[in-house]
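This report concerns only the one structure given below.
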Amino acid sequence: FDEVMTGFRVGWGGFQNICGVSPDLTCLGKVIGGGLPAAAFGGRRDLIEMVAPVGPVYQAGTLSGNPLAMAAGRATLDICRQPGFYESLGSASSRLAEGLRAAAVESGVSVQTQALGGMFGMCFSSRPVRNFDDAKACDHAAFAEFFHAMLDGGVWFPPSGYEAMFISSAHGEADIDLVISAGREAFRSRRS
């Protein structure tokens, strides 16, 4: 299971906990380092024991066990473990996605938005986006135009409609309102 993007962003235990899958191996990225460079994998004992020094598979990493990243990761996971953390994060992410969709509708622009935990996405399409073929069929030129309008409004979105977007617990109501407001202006400028 590749949880590099979803691990601890969508819920305690990652997406595998949400969908009820027990993977053979799980890969995690910088989320376990509190945003600092770090990565890890874990899984069934028989597979992990195939890795050196116990087994024949060599694995090394320049930043493996970096003390600063591990301390930051531990502090981050302590925050994530607090009661209500994921409910609050998911509510904020959903509010942002729904606010952007409503702003688009106000301007007559067709978009699809989705949110889960601290992740959300937005595609310029009149149809739901459920798979890669649907994502390819979205209006990526419109997303690029929107991206630049958002930059002009002081908001940095990812430059590609294929990328996920993230919020964190540091983003408050005012931050979300600012992004929705910038989105409203970007959608209006697209219409004219």
Side-chain angles (χ1 to χ4, degrees), residues 1-97 112-123 128-136 138 140 143 156-172 175-176:
F1 233 71
D2 180 346
E3 294 259 22
V4 169
M5 292 181 70
T6 55
F8 301 105
R9 282 194 176 102
V10 298
W12 188 256
F15 187 69
Q16 59 191 269
N17 248 12
I18 292 171
C19 70
V21 170
S22 295
D24 297 324
L25 291 172
T26 298
C27 297
L28 296 164
K30 65 185 174 188
V31 69
I32 64 157
L36 295 172
F41 61 92
R44 293 190 341 241
R45 177 181 294 273
D46 63 314
L47 296 174
I48 297 300
E49 287 179 348
M50 293 180 76
V51 177
V54 177
V57 178
Y58 182 71
Q59 186 280 329
T62 303
L63 298 169
S64 296
N66 177 291
L68 178 61
M70 296 301 95
R74 176 65 190 261
T76 299
L77 293 177
D78 286 345
I79 292 168
C80 292
R81 190 174 274 190
Q82 293 176 0
F85 174 83
Y86 285 105
E87 291 80 3
S88 177
L89 186 65
S91 176
S93 181
S94 292
R95 183 163 114 47
L96 178 55
Q112 301 293 316
T113 60
Q114 306 84 23
L116 181 64
M119 297 178 71
F120 71 100
M122 186 180 81
C123 300
V129 179
R130 295 190 177 103
N131 55 47
F132 186 60
D133 287 335
D134 293 343
K136 286 191 310 188
C138 293
H140 293 282
F143 188 92
W156 289 45
F157 266 32
S160 168
Y162 288 108
E163 294 184 54
M165 296 174 248
F166 309 103
I167 65 168
S168 73
S169 61
H171 293 104
D175 301 309
I176 293 170

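Every heavy atom of this structure was used, including side-chain atoms; hydrogens, water molecules and symmetry mates were not.
- Using a 4.0 Å cut-off between a side-chain N of Lys or Arg and a carboxylate O of Asp or Glu, R81 and D78 do not qualify as a salt bridge.
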* List the steps, then state whether side chain to side chain contact (heavy atoms under 4.5 Å, CB included) holds for I167 with L96. => CA-CA 9 Å; I167 65 168; L96 178 55; 3.8 Å; yes
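- Interatomic distance, CE of M165 versus CH2 of W156, reported as 16.0 Å (0.5 Å rounding).
- Proximity of a side-chain donor or acceptor of E3 to a complementary backbone N or O of Q16 within less than 3.5 Å is detected.
- Taking each heavy atom of M122 and F143 in turn, the nearest pair found is O-CE1, 3.8 Å.
- One finds the SG atom of C80 at 10.0 Å from the CZ atom of R9 (value rounded to the nearest 0.5 Å).
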* Worked verdict on L25 versus I48 for side chain to side chain contact (heavy atoms under 4.5 Å, CB included) -> CA-CA 9 Å; L25 291 172; I48 297 300; 4.1 Å; yes
* **Residues L116, F15; criterion side chain to side chain contact (heavy atoms under 4.5 Å, CB included); working and verdict** => CA-CA 10 Å; L116 181 64; F15 187 69; 3.9 Å; yes
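- Panel note: side chain H140, backbone C123; no donor-acceptor pair is recorded below 3.5 Å.
- Two residues are said to be in side-chain contact when any heavy atoms from C-beta on lie closer than 4.5 Å; N66 and L36 fail this criterion.
- Note: L77 CG to F85 CZ = 9.5 Å, rounded to the nearest 0.5 Å.
- Rounding to the nearest 0.5 angstrom, the gap separating the OG atom in S168 from the CG atom in D175 is 8.5 Å.
- Looking at every heavy atom in both residues, V21 comes nearest to P23 through O-CD, 3.2 Å.
- Closest heavy-atom contact between S93 and F120: OG-CB, 3.7 Å.
- The two residues Y162 and K136 have their closest heavy-atom pair at OH-CA, 3.4 Å.
- At distances below 3.5 Å, not a single donor-acceptor pair connects side-chain atoms of T26 with backbone N or O atoms of F1.
- Summarising the geometry, atom CZ belonging to R44 is positioned 10.0 Å from atom CE belonging to M50; distances are rounded to the nearest 0.5 Å.
- Atom CZ of R74 sits in a sparse spot, with 12 or fewer heavy atoms from other residues, nucleotides or ligands closer than 6.0 Å.
- When atom types are taken as modelled, the side chain of T6 and the backbone of G14 share no donor-acceptor pair closer than 3.5 angstrom.
- F8 places a side-chain heavy atom less than 4.5 Å from the side chain of Y86.
- Residues M70 and I32 come closest through the heavy atom pair CE-O, 4.4 Å.
- Closest approach of C138 and V129 over heavy atoms only: SG-CG2, 3.7 Å.
- A distance of 10.5 Å separates CG of L89 from NE2 of H171, quoted to the nearest 0.5 Å.
- At least one donor-acceptor pair closer than 3.5 Å links the side chain of T76 to the backbone N or O of A72.
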